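Each ligand, and each atom within it, is numbered from 1 in the order the structure gives. Throughout, residue positions are numbered sequentially from 1 according to the sequence presented. Because the structure is predicted, anything quoted here is derived from the model rather than measured.
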Amino acid sequence: MAEDLIISTNLNKESQYISLIPQIKALITGEDDMIANLANIAAALKEQFAWFWVGFYLVKGDELVLGPFQGPVACTRIKKGKGVCGAAWQQDETLIVPDVDQFPGHIACASASRSEIVLPLHRGQEVIGVLDVDSEYLSHFDEVDAKYLKEIINLISGY
Ligand code: SME
C-alpha cells in the first residue's frame with residue numbers, strides 16, 4: 001500500500017473530510033493494532049488540516065493517559081472530569097469549545113491553544129479514550145468537524 005496521502009487544501013472543510021476519510025479507511029484496513037491505527041489517524045488529520053495539536057488520550061483506570069498525537073508536547077495524565085478531555089469522557093459527549101478561556105477547568109497544555117473539540121472513543125458502550133483537537137484560532141470547530149471526526153473514530157471503535 002502506498003503510504004502517501006492525497007492532501008486537498010483547496011477544498012472546503014467538508015470536502016476535505018470526504019476526501020480524507022476513505023484514505024484513512026485504507027490506511028487502517030487490515031491492521032488490528034489500535035495504537036498503530038491511532039498514530040496514523042493523528043498523522044493523517046495533522047497533514048490534512050495542519051491543526052495545532054491532534055491526538056488521543058486513552059482511559060487507564062481513573063485517568064486519561066496521553067496516546068498517539070501530532071503537535072507540541074502535551075500533559076501526560078488527565079483525571080476523569082477534568083479539563084475538556086476529562087469532561088468529554090465523564091459526560092460521554094462530544095464537546096466543542098469555541099474559547100478555551102471560557103471553559104471552567106480547561107487544562108492549558110499549551111498557551112497557544114484557543115479552541116478545542118473533544119470526542120469520546122468507544123468500545124461497545126464503554127469510553128476507552130478521547131480524540132482531542134486543539135487550534136490556535138478561536139471558534140475553529142463546529143458540527144461539521146464533530147460529524148466527520150465521529151465517522152473517523154467509529155472506524156476504530158471495533159477493537
Ligand atoms: N486542553 C485539554 C488538555 C489536553 S491538551 O490540550 C493536548 C483539556 O482541557 O482537556
Side-chain angles (χ1 to χ4, degrees), residues 5 7 9 13-14 16-17 20-21 23-24 27-28 31 33-157 159:
L5 290 179
I7 298 300
T9 45
K13 181 163 70 177
E14 183 160 33
Q16 289 184 47
Y17 278 112
L20 187 65
I21 287 173
Q23 300 188 71
I24 289 182
L27 259 180
I28 68 176
E31 176 52 67
D33 187 281
M34 189 175 75
I35 297 294
N37 288 337
L38 297 180
N40 259 342
I41 290 172
L45 288 168
K46 175 76 171 175
E47 224 181 302
Q48 175 64 60
F49 294 105
W51 289 319
F52 179 70
W53 197 94
V54 50
F56 294 90
Y57 281 89
L58 298 172
V59 172
K60 292 199 177 151
D62 65 345
E63 291 180 320
L64 290 167
V65 180
L66 185 62
F69 73 96
Q70 296 274 317
V73 294
C75 322
T76 317
R77 288 171 188 269
I78 298 173
K79 292 271 183 211
K80 193 169 194 175
K82 299 292 175 196
V84 186
C85 291
W89 172 23
Q90 188 168 53
Q91 295 164 29
D92 192 357
E93 262 174 32
T94 295
L95 297 180
I96 297 172
V97 180
D99 180 354
V100 295
D101 290 337
Q102 306 302 318
F103 188 93
H106 168 254
I107 301 164
C109 290
S111 57
S113 174
R114 311 289 302 282
S115 62
E116 179 161 357
I117 182 170
V118 181
L119 297 95
L121 185 62
H122 295 95
R123 185 193 289 126
Q125 300 298 312
E126 191 192 350
V127 179
I128 57 162
V130 298
L131 168 63
D132 177 20
V133 188
D134 295 334
S135 172
E136 64 271 57
Y137 305 108
L138 287 170
S139 304
H140 201 151
F141 304 106
D142 57 24
E143 290 304 326
V144 172
D145 299 286
K147 174 180 172 192
Y148 289 103
L149 289 174
K150 196 168 183 189
E151 265 188 39
I152 291 169
I153 58 175
N154 280 345
L155 296 174
I156 40 119
S157 60
Y159 295 103

Would you mind listing which atoms of ligand 1 come within a distance below 4.0 Å of any non-hydrogen atom of [X]?
{"X": "C109", "answer": "3 (C), 4 (C), 5 (S), 6 (O), 7 (C)"}
{"X": "Y57", "answer": "4 (C), 7 (C)"}
{"X": "G83", "answer": "9 (O), 10 (O)"}
{"X": "W53", "answer": "7 (C)"}
{"X": "D134", "answer": "5 (S), 6 (O), 7 (C)"}
{"X": "C85", "answer": "8 (C), 10 (O)"}

Side-chain touch [X]/[Y], heavy atoms, less than 4.5 angstrom:
{"X": "D132", "Y": "F69", "answer": "no"}
{"X": "L27", "Y": "I41", "answer": "no"}
{"X": "L58", "Y": "I35", "answer": "yes"}
{"X": "F49", "Y": "V133", "answer": "no"}

Under-4.0 Å heavy-atom contact with ligand 1, by part of D132 that carries it: side chain
Separation between CG of L64 and CD1 of I78, rounded to the nearest 0.5 Å: 6.0 Å
Distance (rounded to the nearest 0.5 Å) between S115 OG and Q102 CD: 12.5 Å
Regarding ligand 1, does [X] bring an N or O atom to under 3.5 Å of one of the ligand's N or O atoms?
{"X": "A74", "value": "no"}
{"X": "E116", "value": "yes"}
{"X": "H106", "value": "yes"}

Which residue and heavy atom of the protein sit nearest atom 8 (C) of ligand 1, plus the separation: V84 N, 3.3 Å
For atom 3 (C) of ligand 1, the protein heavy atom that lies nearest, with its residue and separation: I107 O, 3.6 Å
Plane angle bin for W51 and Y17 - parallel if under 30°, tilted between 30 and 60°, otherwise perpendicular: tilted
Verdict with supporting geometry, L155 and I28, side chain to side chain contact (heavy atoms under 4.5 Å, CB included): CA-CA 8 Å; L155 296 174; I28 68 176; 3.8 Å; yes
